[in-house]
Student: 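Have a look at this one before I ask anything.
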Amino acid sequence: MYATRVVSAVALTALIAGSSLAAGCKSTAEASVTEESVEAAPVALEEPLTEEHDGGSVGWEIAPDGAVRAIVKGPDGKPIDKDVSGTLTWKGPSGEEKIPLALDAKTGLLVAAGPKLEADLTPVRYDIVVAGKPWIGTLHVPAGGTRVIVEGARKAEKRPIPAGKTGPNGGIIQVVGDDTIEVVADKASGQVRVYVLDANLKPIPVGDRKIKLGFVGSSSEVVVLTPGPGGLYVVGTVAAKVNPVKLTVVVAHPTHADVVLVGYRPGVHVVVGPAAPALNVIVATTWNVGVKVNAAPGVVVVHDDDDDDDDDGRPVHIHVHGKHKHKHKHHHHPHHRH
């Protein structure tokens, strides 16, 4: 995930200068500031989850009770409080609900009242129009609101993953709370797996963890994962077999749940839209090769589902004799009758 940090040296200089003036007498301009004009000034959100679009950014604050506040800014970082409107599509257990975003003239913020957040991940699509130009995106919001995502990113920062490091199965690695996980999906079948890794990045039993994923790419979906064979991973299927541009992960324990937006760090903008780079989750795997032991002793049959010109999709018999083994194709001739 690409991110850009917004730092305003001009604002910092103005703040220092303002502090110096405050120590002396008030200027004419300062004395003319009324209570009404102060209330009309744009309000800065404390820790918004900010998504960057072509033409500006929108910072989101969604509370557990469904209250929404959003600040829209231009490319220069200045708030936009005119010619802006929007709608939220809130997907809950009973279906989708359209919720209008209204511009608060006093604060300069877009505000809305959505339903209480109750699911592990609630998909919230936004359609904002800024000076006639649409900004569209989807947030996967946990029950604790956007604040939980910021807190999860802050905790993950304390245990950084080396740049370019992939998991033992070729997937992406992410710290989630006290856990380190690998997320990897098969590009042919769309099967997605999450492994829990130890300090040496080796898979360990998933145990009583329950894991969900929020994918945002060509489409948006929430994937509920179930325990895989042996309990060394959880597994599900993603409909869009392409790398996502955003991936939200919930790891729920019996006493609490941890949530992260993969690759996100507090204080940065999440780039969305056509310019957003993808997360490398989809890889080629050998998960579609099924292995079973034949009734005949010492024979293992591998059903090769890969598209290999040499295999032609036929079973490969591997004969094991002590320490020696060899394999051959088992050809079935159509004119033979048994």
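Here the structure is a predicted model, which is why all the values come from computation and not from measurement. Residues take their numbers from the sequence shown, with the count starting at 1. Because only heavy atoms are used, hydrogens play no part in the values below, and waters and symmetry mates are left out as well, while side chains stay in.
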Student: Could you tell me whether the side chain of Leu197 reaches within less than 4.5 Å of the side chain of Pro168, counting heavy atoms only?
Tutor: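 With C-beta onward as the side chain, the pair touches.
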Student: Please collect all salt bridge (Lys or Arg N to Asp or Glu O under 4.0 Å) contacts where either partner lies in residues 219-237, sequence neighbours excluded, each pair once.
Tutor: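 The answer is none; no pair qualifies.
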Student: Once side chain to side chain donor-acceptor pair (under 3.5 Å) is applied, what residue pairs with a partner in residues 57-67 remain, sequence neighbours excluded?
Tutor: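 Pairs touching residues 57-67 that pass the test: Glu61-Arg69.
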Student: Taking all heavy atoms of Val184 and all of Asn169, pick out the closest pair and write down the distance.
Tutor: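 Heavy atoms only, the tightest pair is CG2-O, 3.7 Å.
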Student: Under the salt bridge (charged side-chain N to carboxylate O under 4.0 Å, His left out) rule, collect the residues that match up with Glu182, sequence neighbours excluded.
Tutor: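 For Glu182 there are no salt bridge (charged side-chain N to carboxylate O under 4.0 Å, His left out) partners, ignoring immediate neighbours.
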Student: If I take atom NZ from residue Lys91 and atom OG1 from residue Thr89, how far apart are they, to the nearest 0.5 angstrom?
Tutor: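 Lys91 atom NZ to Thr89 atom OG1 measures 11.0 Å (nearest 0.5 Å).
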Student: Which atom pairs, donor and acceptor, lie under 3.5 Å between side-chain atoms of residues 132-145 and protein residues at least two apart or in another chain?
Tutor:
unit_1, atom_1, unit_2, atom_2, d
Lys133, NZ, Asp54, O, 3.0
Lys133, NZ, Asp54, OD2, 3.4
His140, NE2, Ser220, OG, 3.3

Student: Got a sec, which pairs hit salt bridge (Lys or Arg N to Asp or Glu O under 4.0 Å) with one end in residues 112-123, sequence neighbours left out?
Tutor: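 Listed once each, the pairs are Asp120-Lys212.
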Student: Any side-chain heavy atom of Leu45 sitting closer than 4.5 Å to one from Leu109?
Tutor: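 Yes, close enough: below the 4.5 Å cut-off.
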Student: Which atoms form the tightest heavy-atom contact between Ala240 and Ser219, and what is the distance?
Tutor: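 Residues Ala240 and Ser219, closest heavy atoms: CB-OG, 3.8 Å.
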Student: In chain order, what residues pass the ring-ring contact (aromatic ring centres under 6.0 Å, His included) check against Phe215, with sequence neighbours excluded?
Tutor: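 Expected list: none.
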Student: Taking only residues two or more places apart in sequence, or in another chain, which ones meet Trp90 in a ring-ring contact (aromatic ring centres under 6.0 Å, His included)?
Tutor: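 Once residues adjacent in sequence are excluded, Trp90 has no partner under the ring-ring contact (aromatic ring centres under 6.0 Å, His included) criterion.
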Student: Which donor-acceptor pairs under 3.5 Å do the side chains of residues 247-260 make with protein atoms, sequence neighbours left out?
Tutor:
unit_1, atom_1, unit_2, atom_2, d
His253, NE2, Asp179, OD2, 3.1
His256, NE2, Asp258, OD2, 3.3

Student: Sequence neighbours left out, what passes salt bridge (charged side-chain N to carboxylate O under 4.0 Å, His left out) with Glu47? Give chain and number order.
Tutor: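 Counting only residues at least two positions away or on another chain, Glu47 forms a salt bridge (charged side-chain N to carboxylate O under 4.0 Å, His left out) with Arg154.
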Student: Which heavy-atom pair separates Val192 from Val238 by the least distance, and what is that distance?
Tutor: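 Shortest heavy-atom separation between Val192 and Val238 comes out as CG1-N, 4.3 Å.
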Student: Nearest heavy-atom pair of Thr285 and Ala185: which atoms, and what distance?
Tutor: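 Shortest heavy-atom contact: CG2-O, 4.4 Å.
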Student: Which pairs would a plain distance check flag for residues 223-235, meaning a side-chain donor or acceptor within less than 3.5 Å of a matching protein atom at least two apart in sequence or in another chain?
Tutor:
unit_1, atom_1, unit_2, atom_2, d
Thr226, OG1, Val235, O, 3.4
Tyr233, OH, Arg193, NH2, 3.4

Student: Going by salt bridge (charged side-chain N to carboxylate O under 4.0 Å, His left out), name the residues that satisfy it together with Lys155, two or more places apart in sequence or in a different chain.
Tutor: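 For Lys155 the salt bridge (charged side-chain N to carboxylate O under 4.0 Å, His left out) partners, ignoring immediate neighbours, are Asp178.
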Student: Please name all residues satisfying salt bridge (charged side-chain N to carboxylate O under 4.0 Å, His left out) with Asp127, sequence neighbours left out, ordered by chain then number.
Tutor: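 With sequence neighbours excluded, Asp127 shows a salt bridge (charged side-chain N to carboxylate O under 4.0 Å, His left out) to Arg125, given in chain and number order.
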Student: Could you tell me whether the side chain of His53 reaches within less than 4.5 Å of the side chain of Val130, counting heavy atoms only?
Tutor: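 The answer is no; the side chains never approach within 4.5 Å.
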Student: Which heavy atom of Val58 sits nearest to which heavy atom of Ala70, and what is that distance?
Tutor: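 Taking every non-hydrogen atom into account, CG2-CB, 4.1 Å.
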